[in-house]
Amino acid sequence: MSENNTQDVPPDHLAVHPASPHFNAEVLQRGVGIRFKGRQRTDIEEYSIPEGWVKVQAGKTVDRKGRPLLIKLQGEVEAWFEDLGEDAPVAKKD
């Protein structure tokens, strides 16, 4: 992959919580679209394309530190940058 093409697809693993080692504010500012099991989702807290999972909030339940409890769902994950428009390159498992 060329360097320019690499910048056009989101990373394989990304999280929205700043304490996570997979957090990247610059990537999140661009806007990342997620499709999980063929359906576009907006409630994803973390995803891993190669491992095929996403984490979503489990209702309004929080842990003792006030962070939302997350559940891990298995399935096909695709990600793209929303700022590139309709024909954005999609990162997905090969």
| Within residues 80-90 or reaching into it, pairs that qualify as side chain to side chain donor-acceptor pair (under 3.5 Å) - sequence neighbours excluded | R30-D83

Can I get a per-line list of side-chain donor-acceptor pairs under 3.5 Å for residues 62-75, giving both atom names and the distance, sequence neighbours left out?
| residue | atom | partner | partner atom | Å |
| --- | --- | --- | --- | --- |
| D63 | OD1 | K65 | N | 3.0 |
| D63 | OD1 | G66 | N | 3.1 |
| D63 | OD1 | R67 | N | 2.9 |

| query | Is N24 close to P11 at the side-chain level, that is, under 4.5 Å between some pair of heavy atoms? | reply | no

| said: Suppose the criterion is ring-ring contact (aromatic ring centres under 6.0 Å, His included): which pairs have a residue in residues 10-30, not counting sequence neighbours? | reply: H13-H22, H13-W53

| Nearest heavy-atom neighbours spanning V77 and G52 | CG2-C, 4.1 Å

| note | Contacts satisfying salt bridge (charged side-chain N to carboxylate O under 4.0 Å, His left out) that involve residues 11-25 (not counting sequence neighbours) are none

| request: Over all heavy atoms of both residues, which pair between S20 and E46 is shortest? Give the atoms and the distance, please. | output: OG-OE2, 4.5 Å

| task | For R41 and V56, work out which heavy atoms get closest and say how close. | result | NH2-CG1, 3.6 Å

| query | Linking I/L/V/M/F/W/Y whenever their side-chain heavy atoms sit closer than 4.5 Å, directly or via other members, would F36 and V90 fall into one cluster? | reply | no

| request: List in chain and number order the residues that pass side-chain hydrogen bond (donor to acceptor under 3.5 Å, both in side chains) with E78, two or more places apart in sequence or in another chain; answer none if no residue qualifies. | output: R35

| request: Treating Ile, Leu, Val, Met, Phe, Trp and Tyr as nodes and any side-chain heavy-atom pair under 4.5 angstrom as an edge, say whether L14 and V16 lie in one connected cluster. | output: yes

| field | Minimal non-hydrogen separation, F81 against D8, with atom names | value | CD1-O, 3.5 Å

